[in-house]
Amino acid sequence: MDETRRDRNTEGRAHNARPRDGLGRPLPYGAPGVERQPEGVVRTPEETVREAQRLLDAGMPFHAHEVFEDAWKSGPDAERELWRGLAQLAVGLTHAARGNATGGARLLRRGAGALTEFAAAGRSAEGGAAPGAPVVTVYGIGIGPLTGWALELAARVEGADAPAVDAAAEAPRLRADA
């Protein structure tokens, strides 16, 4: 790769082809990296949750964020806040694992806020809640416990001299029944 030119995808759009580490950081060309998540994959919500949990458990929250981002872009409008909030939680964990406490905490709180808004709106393509009633669980995801995890981790990583966290050890359980 000529380092003065931008990488491009098959449509000619800018696309960074550098290998990435498990936390999504770019590595030098030619360095071994982890397999990147394909972009634009349309999955069922259940497949999205399952794949994201696998990546979180493997200590790859940046890659889990890409899975959530696909759902955010391809899912029903009623669920955009759900998938956006989950993507923000995964990126928040990514930043916390990279040692960026401020960015990590901010994104964890933003994601928790998006999930809280989603739950309060009582809208979901999955249904299950009475119209206007708060959504407590969607696709098996316990909104309350997940929001609690995010706020607790945000407070912890902002502490004085808090070290970077281990992404796999701190990975949340997305499904309330898992």
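The structure displayed is predicted, hence computed values, not measured ones.
Nearest heavy-atom pair across L89 and A150 is CD2-CB, 3.4 Å. Of all the heavy atoms in L23 and P61, the pair that sits closest is CD2-CD, 3.8 Å. In this structure, P19 and A31 approach most closely via the heavy-atom pair CG-O, 3.2 Å. The two residues R18 and P28 come nearest to each other via the heavy atoms NH2-N, 4.1 Å. The two residues G33 and L27 have their closest heavy-atom pair at CA-CD1, 3.9 Å. Minimum heavy-atom separation, G24 to H63: N-NE2, 4.2 Å.
Between the side chain of E47 and the backbone N or O of T44, at least one donor-acceptor pair lies under 3.5 Å.
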Item to check | Worked verdict on E39 versus K73 for salt bridge (charged side-chain N to carboxylate O under 4.0 Å, His left out) | outcome: CA-CA 11 Å; E39 294 180 26; K73 291 177 180 177; 6.0 Å; no

Checklist entry - Should F62 and R98 be marked as a side chain to side chain contact (heavy atoms under 4.5 Å, CB included) after you check the CA-CA gap, both sets of side-chain angles, and the distance that decides it? => result CA-CA 11 Å; F62 178 82; R98 290 177 178 174; 4.2 Å; yes

Item to check | Check against side chain to side chain contact (heavy atoms under 4.5 Å, CB included), D70 and R43 | outcome: CA-CA 8 Å; D70 285 341; R43 299 174 181 87; 3.5 Å; yes

Checklist entry - Going through the checks in order, is the side chain to side chain contact (heavy atoms under 4.5 Å, CB included) test met by Y139 and T48? => result CA-CA 10 Å; Y139 303 117; T48 296; over 6 Å; no

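To the nearest 0.5 Å, atom CZ of residue R20 and atom CZ of residue R36 are 4.5 Å apart. With rounding to the nearest 0.5 Å, the separation of CZ in R175 from OG1 in T137 is 9.5 Å. Separation of atoms CZ (R110) and CZ (R84) is listed at 8.0 Å; rounding is to 0.5 Å.
The shortest side-chain heavy-atom distance between H95 and R106 does not fall under the 4.5 Å cut-off. The shortest side-chain heavy-atom distance between L82 and W72 does not fall under the 4.5 Å cut-off. Put simply, the side chain of W83 does not reach to within 4.5 Å of the side chain of S74, judged on heavy atoms. Side-chain atoms of L56 and L93, non-hydrogen and from C-beta on, do get closer than 4.5 Å to each other. A 4.5 Å side-chain heavy-atom check between R109 and E158 finds at least one atom pair inside the cut-off. L86 has its side chain within reach of I141: a pair of non-hydrogen atoms, C-beta onward, lies under 4.5 Å apart. Side chains of R54 and R50 form no contact here, defined as non-hydrogen atoms less than 4.5 Å apart.
Under the salt bridge (charged side-chain N to carboxylate O under 4.0 Å, His left out) criterion, the residue pairs touching residues 23-35 are D21-R25, with sequence neighbours excluded.
Listed by chain and number, the hydrophobic cluster partners of L107 are V91, where partners are ILVMFWY side chains within reach of under 4.5 Å, directly or through others. When hydrophobic residues (I, L, V, M, F, W, Y) are linked wherever their side-chain heavy atoms come within less than 4.5 Å, the members clustered with V67 are V34, L55, M60.
Taking the side chain to side chain contact (heavy atoms under 4.5 Å, CB included) definition, one finds that T147 meets it with A112, L115, T116, I143, L151, sequence neighbours left out. Taking the ring pair (Phe, Tyr, Trp, His ring centres under 6.0 Å) definition, one finds that F68 meets it with nothing, sequence neighbours left out.
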Solution key, residues 165-172 side-chain donor-acceptor pairs under 3.5 Å, sequence neighbours excluded:
residue: D166; atom: OD1; partner: A168; partner atom: N; Å: 2.9
residue: D166; atom: OD1; partner: A169; partner atom: N; Å: 3.0
residue: E170; atom: OE1; partner: R156; partner atom: NH2; Å: 2.9
residue: E170; atom: OE2; partner: R156; partner atom: NH1; Å: 2.9

